[in-house]
Student: 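Take this structure, written in structure tokens, and hold onto it; I'll ask about it next.
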Amino acid sequence: MTLEETIQGIKPLNEKMMETARIRWNTIAHPLHSLGKLEDLVTQIVGITGNPTVDISKKALVAMCADNGVVEEGVTQTGQEITALVANGFLEGTTTVCAMCRKCGVDIYPVDVGIAVDTNVRRDLKVAYGTKNMTKGPAMTREEAIRAIGSGIRTAEELKEKGYKLLATGEMGIGNTTTSSAVAAVLLDQPVEVMTGRGAGLSSEGLVRKINAIKKAIQVNRPDPQDVLDVLSKVGGLDIAGLAGVFLGGAALGIPVVMDGFISCVAALTAKLLCPGAADYMIASHVSKEPASKLILEALGKSPVLHADMCLGEGTGAIAFLPVLELGAELYNTMGTFEDIHMEQYEELT
């Protein structure tokens with residue numbers, strides 16, 4: 001699907017099926033609404049899939065991998081070569097999120113959408129060998145941003161064809177908290193200082209360099225906050241664009257997509273601004289330790305379940321959340337009703 005076709009294919013959630021799910025929750029033998037967000041999220045999934053039974057047994061983590069030219073400005077603690085190293089680690093099963101995926105029964109699919117060198121990760125969806133230094137001009141062209149979104153859409157299509165019922169989002173790209181902070185600052189009209197954190201352990205001096213680099217990039221490129229593709233191409237990253245495509249593709253295909261942390265949430269915000277209806281298909285996992293995360297989640301209208309001060313990336317927050325979501329699905333699918341145990345049903349009180 002093209003970007004335009006994908007956006008046109010995103011429909012409202014199935015409200016009739018969601019009402020069926022709410023009725024089911026109210027007849028399950030437990031105090032009304034006592035499972036809180038678990039009930040809401042399972043009901044959302046029923047609305048996404050249009051299926052009264054929740055099946056999220058086959059799960060995939062999509063890890064979009066790309067490099068960012070802005071690392072030239074000294075905005076990171078490590079060098080750009082780490083992107084390729086960790087991307088290969090996804091295939092080798094050696095990264096943090098790989099261990100988590102094995103424990104949680106999730107398959108990991110890394111995608112090279114813009115790593116600066118070639119790795120063993122699939123690169124048929126690669127758009128460029130990293131972005132340009134956004135402090136000197138646009139990070140990428142508008143066409144490259146659209147192609148990267150298309151890479152994410154195609155990935156979602158492939159995983160749907162393979163029978164996956166739920167997608168989680170992750171990424172790898174040294175410098176991508178810098179690009180994410182830049183995109184978020186422009187789209188939410190917030191001061192750069194408010195939207196910028198230390199990323200993977202920057203010193204105070206490094207944080208100042210990072211803030212100054214973002215300010216310079218915004219000044220040089222003058223991205224239009226009313227044009228999300230303009231913002232994405234001028235101060236964003238290929239990994240953000242790729243993840244935005246996963247969110248849009250998942251929405252068009254009727255697959256719930258779980259957001260990870262800061263970078264993933266910026267991609268989700270980008271997708272929502274391209275198609276507001278896509279947000280209904282997104283599920284928030286946790287709130288990242290990065291300072292802008294809470295503001296972005298509020299802009300998305302999402303309430304995260306986990307508050308664990310995580311900021312590792314890779315999709316780790318999304319994967320940590322999945323067992324909780326699976327518990328909710330198991331309760332919804334299998335618990336007995338008040339009628340089954342011969343108990344009078346709770347009533348809604350006003």
Side-chain angles (χ1 to χ4, degrees), residues 13 21 25 35-49 51 53-64 89-90 93-111 152 155-156 158-160 162-172 243 246-247 249-251 253-265 267-268 271 278-289 293 297 300 302-335:
L13 299 190
W25 276 119
L35 289 170
K37 292 178 182 177
L38 292 185
E39 298 186 25
D40 296 336
L41 293 172
V42 168
T43 300
Q44 179 186 354
I45 292 173
V46 169
I48 289 171
T49 63
N51 190 332
T53 300
V54 176
D55 179 6
I56 51 173
S57 57
K58 190 170 183 179
K59 305 171 289 295
L61 169 66
V62 180
M64 286 288 172
F90 288 145
T94 57
T95 75
T96 304
V97 82
C98 291
M100 296 173 73
C101 283
R102 285 193 293 272
K103 183 66 175 178
C104 297
V106 181
D107 299 324
I108 183 167
Y109 284 85
V111 178
T155 302
E158 291 178 2
L159 294 174
K160 170 78 171 183
K162 291 179 178 179
Y164 286 94
K165 306 297 186 181
L166 179 142
L167 304 180
T169 52
E171 38 59 44
M172 181 59 213
L243 288 176
V246 174
F247 286 114
L253 296 163
I255 305 174
V257 184
V258 177
M259 298 181 281
D260 183 38
F262 179 47
I263 293 103
S264 178
C265 288
D280 291 337
Y281 293 78
M282 303 172 188
I283 295 174
S285 60
H286 77 121
V287 56
S288 168
K289 193 176 180 180
S293 295
L297 286 166
L300 287 166
K302 299 296 178 182
S303 179
V305 173
L306 302 183
H307 295 256
D309 286 343
M310 297 175 70
C311 58
L312 191 152
E314 294 184 19
T316 48
I319 302 304
F321 160 74
L322 290 185
V324 179
L325 187 60
E326 290 186 301
L327 283 174
E330 181 70 11
L331 293 171
Y332 171 82
N333 287 332
T334 66
M335 273 191 70

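Here the structure is a predicted model, which means the values were calculated and not measured.
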Student: Could you state the interatomic distance from CD1 (I56) to CD1 (I45), rounded to the nearest 0.5 Å?
Tutor: 5.0 Å

Student: Quick test of your reading: applying salt bridge (Lys or Arg N to Asp or Glu O under 4.0 Å), list the pairs with at least one residue in residues 100-109, sequence neighbours left out, ordered by first then second residue.
Tutor: none

Student: What are the two closest heavy atoms between V258 and A318, and how far apart are they?
Tutor: CG1-CB, 3.8 Å

Student: With the side chain counted from C-beta on, respond yes when L325 and L166 share a heavy-atom pair under 4.5 Å apart, and no when they do not.
Tutor: yes

Student: If you compare all heavy atoms of I108 against all heavy atoms of C101, which two are closest, and at what distance to 0.1 Å?
Tutor: CB-SG, 4.5 Å

Student: Show me, pair by pair, the donor-acceptor contacts under 3.5 angstrom made by side chains of residues 305-316, not counting sequence neighbours?
Tutor:
{"residue": "E314", "atom": "OE1", "partner": "T95", "partner atom": "OG1", "Å": "3.2"}
{"residue": "E314", "atom": "OE1", "partner": "V97", "partner atom": "N", "Å": "3.1"}
{"residue": "T316", "atom": "OG1", "partner": "G313", "partner atom": "O", "Å": "2.8"}

Student: My understanding is that only residues two or more places apart in sequence, or in another chain, count here; which of them pass ring-ring contact (aromatic ring centres under 6.0 Å, His included) with Y332?
Tutor: W25

Student: What are the two closest heavy atoms between F90 and A63, and how far apart are they?
Tutor: CE1-CB, 3.8 Å

Student: Which atom pair, heavy atoms only, marks the closest approach of L35 to L331?
Tutor: CD1-CD1, 3.7 Å

Student: If you measure from CD1 on I319 to OG1 on T96, what distance do you get to the nearest 0.5 Å?
Tutor: 12.5 Å

Student: Return the CE to NE2 distance between M259 and H286, rounded to the nearest 0.5 Å.
Tutor: 9.5 Å

Student: Test your reading of the model: is there a side-chain donor-acceptor pair from S264 to the backbone of G170, 3.5 Å cut-off?
Tutor: no

Student: Nearest 0.5 Å, what's the CG-OH distance between L159 and Y109?
Tutor: 6.0 Å

Student: Minimum heavy-atom separation for A284 and P304, please, with both atom names.
Tutor: CB-CA, 4.0 Å

Student: If you look at every heavy atom in S293 and V287, which pair is closest and at what distance?
Tutor: CB-CG2, 4.1 Å

Student: How long is the gap from CG on L297 to CE on M282, to the nearest 0.5 Å?
Tutor: 11.5 Å

Student: Could you state the interatomic distance from SG (C104) to CG (L322), rounded to the nearest 0.5 Å?
Tutor: 6.5 Å

Student: State, yes or no, whether a side-chain contact exists between D280 and I48 at a heavy-atom distance under 4.5 Å.
Tutor: no

Student: Counting only N and O atoms by type, is there a donor-acceptor contact under 3.5 Å from the side chain of N333 to the main-chain atoms of T53?
Tutor: no

Student: Could you tell me which residues satisfy side-chain hydrogen bond (donor to acceptor under 3.5 Å, both in side chains) with D55, sequence neighbours excluded, listed by chain and number?
Tutor: S57

Student: Is there a side-chain contact between E171 and V62 (heavy atoms, below 4.5 Å)?
Tutor: no

Student: Does some side-chain heavy atom of T43 sit less than 4.5 Å from a side-chain heavy atom of D40?
Tutor: no

Student: Within the supplied structure, the quantity of interest is the number of heavy atoms (other residues, nucleotides, ligands) at a distance under 6.0 Å from K37 NZ; does it exceed 12?
Tutor: yes

Student: Taking side chain to side chain contact (heavy atoms under 4.5 Å, CB included) as the test, write out the residues that go with I255, two or more places apart.
Tutor: K160, L167, L253

Student: Donor-acceptor pair, distance only, cut-off 3.5 Å: does the side chain of K165 make one with the backbone of T49?
Tutor: no

Student: Less than 4.5 Å apart, side chain to side chain, heavy atoms only: is that true for V257 and Y281?
Tutor: no

Student: According to the salt bridge (Lys or Arg N to Asp or Glu O under 4.0 Å) rule, which pairs have a member within residues 316-333, sequence neighbours left out?
Tutor: K59-E326

